[in-house]
Amino acid sequence: MSQLLKSDFYQRDAREVAKDLLGCVINREVDGIRLRGRIVETEAYLQDDPACHAYKGLTPRTKAMFKAGGISYVYLIYGMYYCFNAVTGKEGNGEAVLIRALEPLEGLDTMAKLRKTDKVKNFCSGPGKLCLAFNIGKNENLKCLESGPVTISEGSREEEIYTTTRIGISLGADLPYRYYLKGNQFISKK
DNA sequence: AGAGCGATGGCCT
DNA sequence: GGCCATCGCTCTA
């Protein structure tokens with residue numbers, strides 16, 4: 001079993017963490033079954049960035065973002081989907097990395113049930129999809145990424161990193177804060 | 001392959 | 001009351 005990422009990994013600029021998370025592995029247990037997925041697509045959100053939930057300051061929803069890096073920030077979007085973020089930076093900085101897509105590694109049968117599809121490429125190829133596949137919801141908000149219930153461990157990356165603008169936002173749409181692995185089949189969008 | 005759109009609920013003004 | 005860091009279905013081609 002490879003090493004879990006430590007808090008100092010997360011307590012850096014979200015853009016650096018977003019790139020370094022590519023190739024790392026998310027671990028989760030659902031009904032005694034181990035689920036693992038390799039991170040292949042991320043987006044960085046910074047406090048001085050108008051697309052960031054923390055842009056307007058601390059609110060009940062965004063309090064996780066202002067804590068020290070190394071915990072989760074999970075929120076509900078469009079009334080029906082959750083998005084999973086790794087909080088980054090020092091305490092008091094409102095920033096995080098959105099995990100947008102995973103390459104399924106282990107527990108594919110469970111993912112198929114949770115996603116109600118047999119198409120592996122459709123299991124985790126989007127932020128809402130991967131939360132369904134890993135059964136991540138509001139209970140997983142504000143949790144330590146080293147102790148769980150969701151953890152992230154070191155991985156390997158041989159692919160080149162592509163950098164583009166972020167998906168699904170209007171403000172800050174020109175900022176190049178989206179990162180993904182070149183040629184990977186499990187990203188949400190080219 | 002791609003555009004359009006409805007579902008659905010919490011947060012914030 | 002308006003706005004979403006989305007998804008899957010339908011329609012057109």
What string of B, S and - do you get for nucleotides 8-13 of chain B, 5' to 3', if B is base contact, S is sugar-phosphate-only contact and - is no contact with any protein heavy atom under 4.0 Å? BBSSS-

Do any N or O atoms of the protein come closer than 3.5 Å to N or O atoms of nucleotides 10-13 of chain C, and which pairs are they?
none

Protein-nucleotide distance (A:Ile187, atom CD1; C:dT6, atom P), rounded to Å: 15 Å

What is the separation between atom CG on A:Leu130 and atom P on C:dT6, rounded to the nearest whole Å? 12 Å

Under a 4.5 Å side-chain heavy-atom rule over Ile, Leu, Val, Met, Phe, Trp and Tyr, are A:Leu46 and A:Ile71 clustered together? no

Are A:Tyr73 and A:Ile99 co-members of a hydrophobic cluster defined by side-chain heavy atoms under 4.5 Å apart? no

If pairs are Watson-Crick or G-U with both distances under 3.5 Å, what is the dot-bracket string of DNA chain C, marking crossing pairs with [ ] and pairs to another strand with |? ||||.|||||||.

Look at A:Arg115 and C:dC7 and indicate whether a side-chain polar atom (N or O) is within less than 4.0 Å of OP1 or OP2. no

Would you indicate whether A:Asp174, at its atom CG, is surrounded by more than 12 heavy atoms from other residues, nucleotides or ligands within a distance under 6.0 Å? yes

Of the candidates C:dA5, C:dC7, C:dC4, the side chain of A:Ser170 sits closest to C:dC4

Whole angstrom value for the distance that separates P of C:dT6 from CD1 of A:Ile169: 9 Å

When rounded to whole Å, the CZ to P distance for the pair A:Arg178 and C:dT6 reads 11 Å

How many angstroms lie between CZ in A:Arg157 and SG in A:Cys24, if you round to the nearest 0.5 Å? 9.5 Å

Exactly one candidate in A:Ile26, A:Asn135, A:Leu35 meets side chain to side chain contact (heavy atoms under 4.5 Å, CB included) with A:Val150; the answer is A:Ile26

Kindly state whether the pair A:Tyr75 / C:dA5 counts as stacked, where counting means centroids closer than 5.5 Å and planes tilted less than 30° apart. no

Over how many whole Å does the gap from A:Tyr82 atom OH to C:dC4 atom C1' extend? 15 Å

salt_bridge(A:Asp13, A:Arg15) N-O dist < 4.0 Å: yes

Taking for each residue the nucleotide of DNA chain C with the nearest heavy atom, is it A:Asn122 or A:Cys52 whose nucleotide lies nearer the 5' end? A:Cys52

Just one of A:Arg100, A:Lys19, A:Arg166, A:Lys189 clears the salt bridge (Lys or Arg N to Asp or Glu O under 4.0 Å) bar with A:Glu43, so which one? A:Arg100

From A:Leu145 atom CG to A:Glu140 atom CD, the distance as rounded to the nearest 0.5 Å: 11.5 Å

If you draw the axis of the six-membered ring of A:Phe186, does the NZ or CZ of A:Arg38 fall within 45° of it and under 6.0 Å from the ring centre? no

Using atom P of each nucleotide, how far apart are B:dC5 and C:dA13 to the nearest Å? 15 Å

Could you check how far OH of A:Tyr55 sits from P of C:dC3, rounded to whole Å? 18 Å

Can you establish whether the number of heavy atoms outside A:Lys143 located under 6.0 Å from its atom NZ is more than 12? yes

Can you check the A:Leu175 CG to C:dA5 C1' distance for me, whole Å? 13 Å

Does A:Phe84 share a hydrophobic cluster with A:Leu5, counting links as ILVMFWY side-chain heavy atoms below 4.5 Å and allowing steps through other members? yes

Let me know the distance between CZ of A:Arg166 and P of C:dT6, rounded to the nearest Å. 11 Å

Applying the 4.5 Å side-chain criterion to the ILVMFWY set and letting contacts propagate, would A:Val30 and A:Leu130 be lumped into a single cluster? yes

